[in-house]
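Quick note on labels: first sequence line is chain A, next is B, and so on, each numbered from 1. All heavy atoms count here, side chains included; hydrogens, waters and symmetry mates do not.
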Number of protein chains: 2
Amino acid sequence: MECDCVKLSAMGKPVNTRPSPQLAAGGGPVEKAMELLEVLAEPGGPHRLAAIARRTGLAKPTVHRHLRTLAEFGFAEPTEDGAYRAGPRLLGLAATALHTTDAVRHAQPYLADLRTRTGQLAYFAVRDGRETVCIALSEAPRGHRTTLYPGARAPLHAAAPGLALLSALPDAELDAFLDSGPHPALTPHTRVERAALAETVGEATESGYAVDEEFEEQDTVGVAAAVHDADGRLRGALALRGLAFTLDPTSVALYGPMVRAAARALSAELGARAGALDLVRGQR
Amino acid sequence: MECDCVKLSAMGKPVNTRPSPQLAAGGGPVEKAMELLEVLAEPGGPHRLAAIARRTGLAKPTVHRHLRTLAEFGFAEPTEDGAYRAGPRLLGLAATALHTTDAVRHAQPYLADLRTRTGQLAYFAVRDGRETVCIALSEAPRGHRTTLYPGARAPLHAAAPGLALLSALPDAELDAFLDSGPHPALTPHTRVERAALAETVGEATESGYAVDEEFEEQDTVGVAAAVHDADGRLRGALALRGLAFTLDPTSVALYGPMVRAAARALSAELGARAGALDLVRGQR
DNA sequence: CAATCGCATTCCATCTTTCGGAACGGATGT
DNA sequence: ACATCCGTTCCGAAAGATGGAATGCGATTG
């Protein structure tokens with residue numbers, strides 16, 4: 001979830017004789033359209049216009065106009081009763097994006113491998129601001145019900161992938177993050193204080209993999225390692241997730257290095273991609 | 001106050017470039033942003049600004065500004081060398097959209113079932129204008145290499161899912177489509193003439209499933225049936241796809257009814273969902 | 001080694017588009 | 001029948017979008 005505090009409205013407009021002010025509403029139409037898309041993709045079936053208007057803080061006519069535009073292009077699809085759902089164009093775009101993003105494509109085999117070797121749910125997540133988003137996962141065998149689905153988000157500071165990404169950050173950025181705002185506790189185990197968080201991240205840096213000991217959800221443990229490409233740019237994290245009594249400390253100690261190795265191999269592949277491009281270019 | 005006398009500064013404004021006729025310009029910024037998103041999702045790794053500008057027919061500064069906005073929101077992600085790829089927010093949105101769209105969710109079990117029972121690749125596609133888009137698929141076993149991936153598109157008139165959707169259309173709409181423009185031939189087998197197409201669709205209407213006999217790709221055969229929800233609204237099509245010598249006429253005759261049955265069951269589920277919604281809403 | 005090309009980026013004057021409050025009919029539910 | 005709530009239309013005012021020209025950078029070329 002995003003809060004509305006993203007406005008920032010760069011250039012400080014001095015005197016703003018604006019008769020209809022307050023609620024931070026808008027920047028450009030593009031930003032609004034993006035918010036709408038995000039709402040459309042959200043769970044909860046088709047959304048009604050008024051509901052969307054409330055959720056986004058936009059005026060009804062504005063939402064209406066944009067939805068019409070989106071619908072016209074197939075990004076939204078109106079239902080019989082005047083609600084809107086994600087349209088075919090958006091779904092197609094979604095499918096294409098997930099399939100063609102190199103990180104996802106290359107991660108897939110590792111996910112499958114990790115899953116079969118550990119029996120746990122394996123997934124790949126990318127960073128989005130102060131959270132991570134799961135964008136690929138390999139279901140654990142036989143209804144190993146964990147509450148994780150594609151698109152699921154978790155705070156950077158309170159789950160394995162986030163911690164792994166933090167541990168791979170330059171010191172300056174890590175400090176900046178640690179200093180930024182309070183880090184809410186999701187469970188009684190969540191590390192919320194700066195020192196504790198820093199220590200947890202530090203351990204991840206040393207071992208090469210991060211461990212989530214019920215930080216995000218009770219009885220749920222995770223292991224993750226960061227993935228980067230040739231430029232050293234962070235691309236995401238490979239992670240395992242399972243119930244605490246299955247992913248006990250012994251298993252974690254066993255699987256951690258496996259996840260780390262997978263992340264390194266994947267990183268190498270992503271680095272190679274640039275080379276592959278050159279190859280293609282040089283080839284017939 | 002300055003009189004206009006000293007406006008200086010090359011007043012002349014030689015050619016009052018009023019040309020901007022309307023090449024591929026288009027309309028609002030939202031539409032442009034959508035085009036950009038689509039390009040970002042496309043295969044071929046990160047895209048460079050100039051390339052995008054060319055592909056979309058937009059001016060460089062325009063593309064640049066929009067990409068910056070998209071990047072600011074995490075929908076696009078700039079790479080080191082000034083190119084852009086799909087950003088985390090877009091990927092997250094994509095994952096969420098695909099996972100929460102009821103049609104996709106409910107289709108998944110049927111896809112898995114169809115795949116195991118037929119040994120062919122099973123997929124679900126939705127209509128987008130004059131084409132269909134594959135948005136979910138169940139890989140065929142052992143490297144059954146078929147050229148199909150999530151996001152893949154096919155013309156309505158030349159592939160099983162499209163034909164199935166056409167066969168479920170009201171007569172008026174079907175006629176309108178058949179009359180609209182030439183329907184290009186993708187293989188020597190493609191039905192291109194109105195009469196032939198109408199007949200093919202007619203057969204699908206009667207049997208309840210459509211068959212693609214190498215219309216789209218040589219040596220590739222498909223079987224599909226339309227899926228609709230409680231409102232009678234078309235939601236997509238379940239389909240099988242395989243090599244001609246595997247999906248021979250006998251198999252097609254055998255699998256056709258299976259696909260049809262799956263599509264009906266899925267339709268019933270989607271219908272039920274709407275009913276549940278109405279219940280919740282206390283409607284009607 | 002210098003000239004050239006292509007790219008990303010910035011600037012700016014013009015004006016097209018957007019924005020949202022208010023008002024309007026049509027549903028729904030009481 | 002009344003009170004809401006919703007989707008939709010209208011409109012003036014203002015914000016943002018637009019693309020040509022110009023700049024600086026880097027790689028490719030002669």
Side-chain angles (χ1 to χ4, degrees), chain A residues 7-36 46-72 76 78-84 278 281-282, chain B residues 4 7-36 46-72 76 78-84 278 280-284:
Chain A
K7 260 42 242 187
L8 174 57
S9 76
M11 30 304 247
K13 239 56 188 201
V15 184
N16 204 344
T17 37
R18 183 84 83 50
S20 65
Q22 90 250 49
L23 194 52
V30 182
E31 313 185 6
K32 308 205 164 126
M34 287 189 289
E35 296 228 27
L36 291 183
H47 300 261
R48 310 200 45 96
L49 188 149
I52 298 178
R54 268 192 302 270
R55 271 190 65 342
T56 57
L58 300 173
K60 255 186 306 179
T62 305
V63 175
H64 179 250
R65 188 160 12 84
H66 277 130
L67 280 180
R68 287 245 278 161
T69 307
L70 292 176
E72 188 178 319
T79 64
E80 306 295 324
D81 54 354
Y84 291 82
D278 289 351
R281 204 178 288 155
Chain B
D4 32 346
K7 214 44 190 296
L8 185 45
S9 78
M11 250 326 281
K13 229 46 178 187
V15 185
N16 198 345
T17 48
R18 187 97 3 214
S20 80
Q22 80 273 41
L23 189 48
V30 182
E31 313 185 6
K32 309 206 164 129
M34 288 190 288
E35 295 225 29
L36 291 183
H47 299 261
R48 315 209 29 106
L49 188 149
I52 300 178
R54 268 193 303 269
R55 267 184 79 330
T56 57
L58 301 172
K60 255 187 304 181
T62 305
V63 174
H64 180 251
R65 186 162 14 83
H66 278 134
L67 280 180
R68 287 247 279 161
T69 306
L70 292 175
E72 189 177 319
T79 63
E80 305 295 324
D81 55 352
Y84 292 83
D278 287 352
V280 168
R281 211 175 278 156
Q283 225 170 358
R284 235 183 310 246

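- Atom-to-atom distance recorded for A:Ile52:CD1 and A:Lys60:NZ is 13.0 Å, nearest 0.5 angstrom.
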Between protein and nucleotides 6-11 of chain D, what N or O pairs are separated by less than 3.5 Å?
residue, atom, partner, partner atom, Å
D:dG7, OP1, A:Arg48, NH2, 3.4
D:dG7, OP1, A:Leu49, N, 3.4
D:dG7, OP2, A:Ala50, N, 2.8
D:dT8, OP2, A:His64, NE2, 2.8
D:dT8, O5', A:His64, NE2, 3.2

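- Residue A:Arg48 holds its CZ atom at 10.5 Å from CZ of A:Arg54, rounded to the nearest 0.5 Å.
- Taking atom CG of A:Leu70 as the reference point, atom P of C:dT18 lies 12 Å away to the nearest angstrom.
- Whole-Å rounding puts the A:Glu80 CD to C:dA27 C1' distance at 16 Å.
- Protein atom CZ of B:Arg65 is 6 Å distant from nucleotide atom C1' of D:dT18, rounded to whole Å.
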Could you please spell out the steps behind the side chain to side chain contact (heavy atoms under 4.5 Å, CB included) verdict for B:Thr69 and A:Met34?
CA-CA 10 Å; B:Thr69 306; A:Met34 287 189 289; 4.3 Å; yes
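- Here the closest heavy-atom approach between residue A:Ala53 and residue A:Val63 is recorded as CA-CG2, 3.8 Å.
- To the nearest angstrom, P of C:dT18 lies 11 Å from NZ of A:Lys32.
- B:Asp81 and B:Thr79 make their closest contact through OD1-OG1, 2.5 Å (heavy atoms, listed as atom of the first residue, atom of the second, distance).
- The distance from atom NZ of B:Lys32 to atom CG of B:Leu67, rounded to the nearest 0.5 Å, is 13.5 Å.
- To the nearest angstrom, C1' of C:dG20 lies 10 Å from CG of A:Leu58.
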